[in-house]
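Everything below concerns the one structure shown next.
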Amino acid sequence: MRITQGTFSFLPDLTDAEIAAQIQYAIDQGWACSVEYTDDPHPRNTYWEMYGLPMFGLKDAAGVMLELNACRKAFPSHYIKINAFDSTRGIESIRLSFLVNRPAEEPGFGLVRQEAAGRNVRYTTTGYAAQRPAGKRY
Amino acid sequence: MAPDSTAPAPATDGVDLHALCADAGVFELLDGLDRELIGLAPVKARIRDIAALLAVDRARTTLGLETRPPSLHMCFTGNPGTGKTTVALKMAAILHKLGYVRKGHLVAVTRDDLVGQYIGHTAPKTREVLKKAMGGVLFIDEAYYLYRPENERDYGQEAIEILLQVMENQRDDLVVILAGYKDRMDTFFGSNPGMSSRIAHHIDFPDYTADELAAIANLMVADMHYRLAPDAQEVLRDYIVKRMARPNFANARSIRNALDRARLRQANRLFAGTGATVTRNALETITAADLLASRVFTESDADGDDRPRA
C-alpha cells in the first residue's frame, strides 16, 4: 500500500531535479530545510529521526541535496522526507513537507478491532512492517 | 555551467561569440574590473581567459556540442594587501554573471570555521560550511593553516579530505578559492598534492608599484567621500615611497590605514581649530599637513609597525 503523507504524495514520486526545484523554492522563501527519516511511517508518528540539523542560511538547493543523498545512502529503504521550516515570528512552523524516499515494498497497515464494554468497538491501525523490530522493518 | 533549458534550439551555422558575451553583460563586467582594480595585470588576464572559456562553452552548448563544465577552483597567492579578498568577492559576481555559479554569493572562512575542537566535530562543521557555500564561492583565507604537519592528529587533515571530495564531485555546485602567502601555500601544496592537482588556476598577485598605490589611494579617498588638497597629492606620493621601504609594509592595506589615520588627524585639526563653524569644503578635504604629520616622515629609523601615532 503506497503511503500518502505530506505534499505531492498523490503525485508520482518526484525526480531529483523536481526535489531540488522544490527545495530551491523553499530556500527562496526563506525557509530552512531539514531531512528526516523513519521506519515507522504511522500517520500519528510525528517524531521522525532527524538526519543532521536543520539547514539555516543556505542559498542553494545543492546543499540540501547533498544531505539528502547522504541520508539515502545510509538508509536506502527507509521513508525520508524534506521539511521546510518557516521561522517568521508568528508562524514558526513547518510550511512544506514531502516524501523523497520510500521502500521498494510497502506492506501497509492493518486495522485491529477491539471489543470493549457493551457493544463498543475500538479501532486501531498498526503498520505490518512496524511489528518487526526496529532496523528489520523494511 | 548548468545546461540552459531556455537555450535556443541547436543551430547549425554558428554563433556570434561577442553577441553572446554582450548579452550576458560580460564586457561591462570586465571593464568595471579594469576601472576598480588598479594594476594586477596577471590576475585580470586570467579572469579574461576564464570569461572567454565560459563564453565558448556556452556557444558550444548552443550548437549542441558536448561540454563538460571546467574546473574553476582557484588559488590566490600574494603578499598582504594585494587584493586577494577583494578579487575573490568580485570573482563570485563574475562567475555568477557568466552563468557558472547559480547564486554568486561568497562565503569567506578560515581554519576556525572548518576544523572542529574534538573528534567527530570537524566533518559536520566542514559540511555545514560547504552546504552554505553551495551555488556560490567558498573563500578559504590563509588556507595553509588547515594543514599542521607538526601535529599528526590535527583535525585539519579531515577537513581537507572532505573539501577535496566535494571539490571533485560537485564542481558545478561550488567554486573553492584558497588564498594565502606564496611561500606558505607552496609548502601546503607540497604536503597535499591532491589539493594542488584539483586546483586549475594558481594565480599570483604581484606587489603594487608606487604609482599603482597612489591611484589606489585616490580611489579610496573618493570612496570615503573625501578629497585630497592639491598639494597633498605630492605628499601622498612621497609618503607611499617612504612607507614602501619600511618593514611590515602591507600594500593597499597600509595605504588604507594611512588614510584612516589622516582622517583622524583631519578631524582633530578641525576640532582644535578656531571658530565653531566648519565649511563643507573643510570637512571633506585632507590637507598636506594631515599626511605630513605621519611618523613615516618624522622618524628616520623605521621600527615598522602600523600603529597610529599617539
Side-chain angles (χ1 to χ4, degrees), chain A residues 14-37 48-76 78 80-88 94-98 100-101, chain B residues 1-6 69 71-73 88-89 91-93 95-97 99-109 113-114 116 120-139 158-159 161-176:
Chain A
L14 300 185
T15 64
D16 272 14
E18 286 164 345
I19 292 171
Q22 292 299 341
I23 294 172
Q24 190 59 54
Y25 171 78
I27 289 174
D28 291 344
Q29 302 297 307
W31 306 339
C33 292
S34 62
V35 180
E36 294 185 352
Y37 65 94
W48 291 33
E49 317 284 338
M50 290 163 68
Y51 191 85
L53 296 173
M55 287 164 269
F56 289 91
L58 261 56
K59 289 267 187 356
D60 192 83
V64 182
M65 290 305 286
L66 183 77
E67 205 72 345
L68 169 61
N69 287 328
C71 183
R72 277 175 173 164
K73 211 168 157 191
F75 303 103
H78 277 44
I80 302 177
K81 68 180 173 189
I82 300 275
N83 291 334
F85 175 78
D86 185 353
S87 63
T88 313
I94 300 286
R95 290 289 286 260
L96 172 69
S97 172
F98 56 100
V100 287
N101 199 57
Chain B
M1 203 189 311
D4 195 354
S5 55
T6 60
S71 164
L72 280 190
H73 302 309
L89 253 175
M91 194 59 97
L95 293 180
H96 180 51
K97 271 251 170 85
Y100 186 78
V101 296
R102 290 187 294 269
K103 296 285 170 232
H105 61 294
L106 179 93
V107 175
V109 296
D113 301 293
L114 296 170
H121 190 204
T122 304
K125 218 171 161 182
T126 306
R127 290 173 70 94
E128 173 103 337
V129 167
L130 284 168
K131 279 185 278 177
K132 280 192 181 148
M134 292 267 166
V137 172
L138 177 65
F139 180 68
E158 199 184 341
E161 276 157 25
I162 296 170
L163 215 57
L164 283 180
Q165 198 189 343
V166 173
M167 278 166 76
E168 187 62 34
N169 297 342
Q170 303 199 266
R171 253 186 275 171
D172 40 354
D173 286 330
L174 91 164
V175 171
V176 176

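Residue numbers begin at 1 in each chain, while the letters A, B, ... track the order of the sequences.
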Mind listing the donor-acceptor pairs under 3.5 Å that bridge chain A and chain B?
| unit_1 | atom_1 | unit_2 | atom_2 | d |
| --- | --- | --- | --- | --- |
| D60(A) | OD1 | R102(B) | NE | 2.9 |
| D60(A) | OD2 | R102(B) | NE | 3.3 |
| D60(A) | OD2 | R102(B) | NH2 | 2.5 |
| E67(A) | OE1 | R127(B) | NH2 | 3.4 |
| E67(A) | OE2 | K131(B) | NZ | 3.4 |

* Asked: Do L163(B) and L130(B) have side chains that get closer than 4.5 Å, going by heavy atoms?
  -> yes

* With a 4.5 Å heavy-atom cut-off, do F139(B) and L89(B) have their side chains touching? ->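 They are not in contact (no side-chain heavy atoms under 4.5 Å apart), so the answer is no.
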
* Structure fact -> Contacts of A21(A) meeting side chain to side chain contact (heavy atoms under 4.5 Å, CB included) (sequence neighbours excluded), chain-then-number -> none

* Asked: Where does A61(A) contact chain B at under 4.5 Å (heavy atoms): side chain, backbone, both or neither?
  ->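 Neither the backbone nor the side chain of A61(A) comes within 4.5 Å of chain B.
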
* CG of L58(A) to CD1 of I23(A): how many Å apart, nearest 0.5 Å? ->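 If we round to the nearest 0.5 Å, L58(A):CG and I23(A):CD1 are 10.0 Å apart.
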
* Asked: Under the side-chain hydrogen bond (donor to acceptor under 3.5 Å, both in side chains) test, which residues partner E36(A), sequence neighbours left out?
  -> N83(A)

* **For S87(A), all residues meeting side-chain hydrogen bond (donor to acceptor under 3.5 Å, both in side chains), sequence neighbours excluded** => none

